[in-house]
Protein chains: 2
Amino acid sequence: MRPSPAVPPAPAASSPGAARGRTRLANNAWEAAFTAHSTLMRQFAAEDVWAGLSMREYDVLYTLSKCDTPQRLGDLSGHVLLSQPGLSRLVDRLVERGLVERCVDPKDARAANLTLTEAGRAVQRTVGRAHGASVAAAMTARLTDEELALLETLSLKLVSDPDSLPEEHP
Amino acid sequence: MRPSPAVPPAPAASSPGAARGRTRLANNAWEAAFTAHSTLMRQFAAEDVWAGLSMREYDVLYTLSKCDTPQRLGDLSGHVLLSQPGLSRLVDRLVERGLVERCVDPKDARAANLTLTEAGRAVQRTVGRAHGASVAAAMTARLTDEELALLETLSLKLVSDPDSLPEEHP
DNA sequence: GTTAGTTACATGCGTACGCATATAATCGGC
DNA sequence: GCCGATTATATGCGTACGCATGTAACTAAC
């Protein structure tokens, strides 16, 4: 569903003629992927594993947990679907809860340099294990190993970065 | 990425032993799909095609445009990633903007029965065409026809409904 | 060294959202 | 036909978000 395809039945005319089907193919794929994402997100959000965190907040903890070096706000903003001010305040809340620390970078006093506290790391691990189990249950219930691997490959390829977007007709 | 996998390196022990890899496979697939979704959503949201609508608002217009019969709030709520009160107020805004009409159902006076106005249908078509073009551009730039079809198939299968969730070990 | 320009983050303000709850209509049993 | 239970939607309230803008720190040209 949703912010998805929406190319109506197509007025038939215009364009190379054969590209029509390709456009529909792309939109159908996006709508299906979008719907799947929505459905799973709703399902995961309903799980009682979040320890009072929103999924976005957990997302930040998870991202930090994967980085061994301190991250700046700007680094995280590329990974989280949230505006810069939104992310700034989200981190505020995590700091207030004692899950994240804001350290000052001696090289650049415009600050940031975020690190998980021990408590933050513990919470991430706990929530991560439970959420990971939910994810695995949902995904393996319907897809085979080959399909899972294929989905990963397609998803990675879909947002790979071959110098931004290639031309329409190179 | 994000509200995604997070199953850490795995403590090795426990479980059938072979299911470990399957769990990781599932979590990797989800994380990749999640990241792709995030990236594309950000990209689509940045496009200047929304005519002052949020993507969720467009989503509702799109969903309504696909239904020939009037829809109730409850029908829509299954399709949009939004709480029932949130959807109620979102529809309020669309009604205020003259894009949607709330008619009373003679069979059930608890109301709803939402329809697109002519203006609403026009806006949906305009936005839909432009958004659909963006979607097609982004998707076809990186995936072949076969891959697009495959992605659609996998996405549909991922949320197919074989009587809810099967057992862990049937 | 001073200053224009840029980068990194924070804050004010209005809006949208989720949760809990209220209201209103239909349904079932009697 | 009346009353509790259920369904469908709306509202109060507190929180989170995005946009525009502010503030502080770094960079560079002179």
Side-chain angles (χ1 to χ4, degrees), chain A residues 2-3 38 41-48 50-61 64 69-97 99-115, chain B residues 2-3 38 41-48 50-61 64 69-97 99-115:
Chain A
R2 316 0 117 22
S38 274
M41 284 295 276
R42 189 190 294 267
Q43 204 171 297
F44 295 149
E47 301 266 348
D48 188 24
W50 298 108
L53 296 165
S54 72
M55 289 180 79
R56 280 172 171 174
E57 286 165 346
Y58 168 72
D59 194 359
V60 168
L61 292 187
L64 283 176
T69 73
Q71 295 296 108
R72 314 178 55 153
L73 269 188
D75 301 327
L76 293 181
S77 70
H79 292 54
V80 181
L81 195 48
L82 197 60
S83 69
Q84 175 267 316
L87 181 55
S88 180
R89 279 187 267 242
L90 187 153
V91 169
D92 281 347
R93 296 194 296 271
L94 294 177
V95 170
E96 279 166 19
R97 293 180 206 185
L99 304 177
V100 167
E101 257 183 345
R102 266 185 226 267
C103 305
V104 188
D105 188 336
K107 302 275 186 179
D108 187 342
R110 288 169 299 183
N113 260 354
L114 305 170
T115 331
Chain B
R2 308 0 108 20
S38 275
M41 284 295 277
R42 189 189 294 267
Q43 205 170 296
F44 296 149
E47 301 266 349
D48 188 26
W50 298 107
L53 295 164
S54 72
M55 289 180 79
R56 281 170 168 176
E57 286 165 346
Y58 168 72
D59 193 358
V60 168
L61 292 188
L64 283 176
T69 72
Q71 294 297 106
R72 312 177 58 151
L73 271 187
D75 302 327
L76 293 181
S77 71
H79 292 52
V80 181
L81 197 48
L82 195 60
S83 68
Q84 175 268 315
L87 181 56
S88 181
R89 278 187 266 242
L90 187 154
V91 168
D92 282 348
R93 297 195 295 272
L94 294 177
V95 170
E96 279 165 19
R97 292 181 207 185
L99 304 177
V100 167
E101 257 184 344
R102 266 187 226 266
C103 305
V104 189
D105 188 335
K107 303 274 188 181
D108 187 340
R110 287 167 301 184
N113 260 353
L114 306 170
T115 330

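Per chain, numbering begins at 1; letters A, B, ... match sequence-line order.
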When rounded to whole Å, the CG to P distance for the pair A:Asp48 and C:dC19 reads 12 Å

What is the distance from CZ of A:Arg56 to C1' of C:dG18, rounded to the nearest Å? 13 Å

Calculate the interatomic distance between B:Trp50 atom CH2 and D:dG18 atom P; express it in whole Å. 16 Å

If you take all heavy atoms of A:Ala45 and A:Met55, which pair is closest and at what distance? CB-SD, 3.7 Å

What is the distance, to the nearest angstrom, from the CG atom on B:Asp105 to the C1' atom on D:dA8? 11 Å

Let me know the distance between CG of A:Leu53 and C1' of D:dA16, rounded to the nearest Å. 14 Å

Considering only D:dC17, D:dA25, C:dT26, which nucleotide approaches the side chain of B:Ala109 most closely? C:dT26

Does A:Arg93 put a side-chain nitrogen or oxygen below 4.0 Å from OP1 or OP2 of D:dC17? yes

5'-most contact on DNA chain D (nearest-nucleotide basis), A:Ser54 vs A:Pro106, goes to A:Ser54

So which heavy atom on A:Arg56 is nearest to which on A:Leu81, and how close? NH2-O, 3.3 Å

Please report the distance, rounded to the nearest Å, between CG in B:Leu94 and P in D:dA10. 13 Å

Looking at every heavy atom in both B:Phe44 and B:Trp50, which two are closest together, and how far apart are they? O-NE1, 3.1 Å

A:Glu47 atom CD, neighbour heavy-atom count above 12 within 6.0 Å: yes

Shortest non-hydrogen pair, A:Leu73 vs A:Leu87, comes out as O-CD2, 3.6 Å

Might you list the N or O atoms of the protein lying below 3.5 Å from N or O atoms in nucleotides 7-11 of chain C, with each pair's distance?
| from | atom 1 | to | atom 2 | distance (Å) |
| --- | --- | --- | --- | --- |
| C:dT7 | O2 | A:Arg110 | NH1 | 2.7 |
| C:dA8 | O3' | A:Arg72 | NH2 | 3.3 |
| C:dC9 | OP1 | A:Leu73 | N | 3.4 |
| C:dC9 | OP1 | A:Ala111 | O | 3.2 |
| C:dC9 | OP2 | A:Gly74 | N | 3.0 |
| C:dA10 | OP1 | A:Arg102 | NH1 | 2.5 |
| C:dA10 | OP2 | A:Ser88 | OG | 2.5 |
| C:dA10 | OP2 | A:Arg102 | NH1 | 3.2 |
| C:dA10 | N7 | A:Gln84 | NE2 | 3.0 |
| C:dA10 | N6 | A:Gln84 | OE1 | 3.1 |

How many Å lie between CG on B:Leu82 and P on D:dT9, as a whole number? 14 Å

Could A:Asp105 and A:Lys107 be called an ion pair, given the rule that one side-chain N must be under 4.0 Å from one carboxylate O? no

Hey, does B:Arg102 have a side-chain heavy atom less than 4.5 Å from the side chain of B:Val91? yes

Most 5' of A:Lys107 and A:Glu57 on DNA chain D, judged by nearest nucleotide: A:Glu57

In whole Å, I'd like the distance from the CG atom of A:Leu87 to the P atom of D:dC17. 9 Å

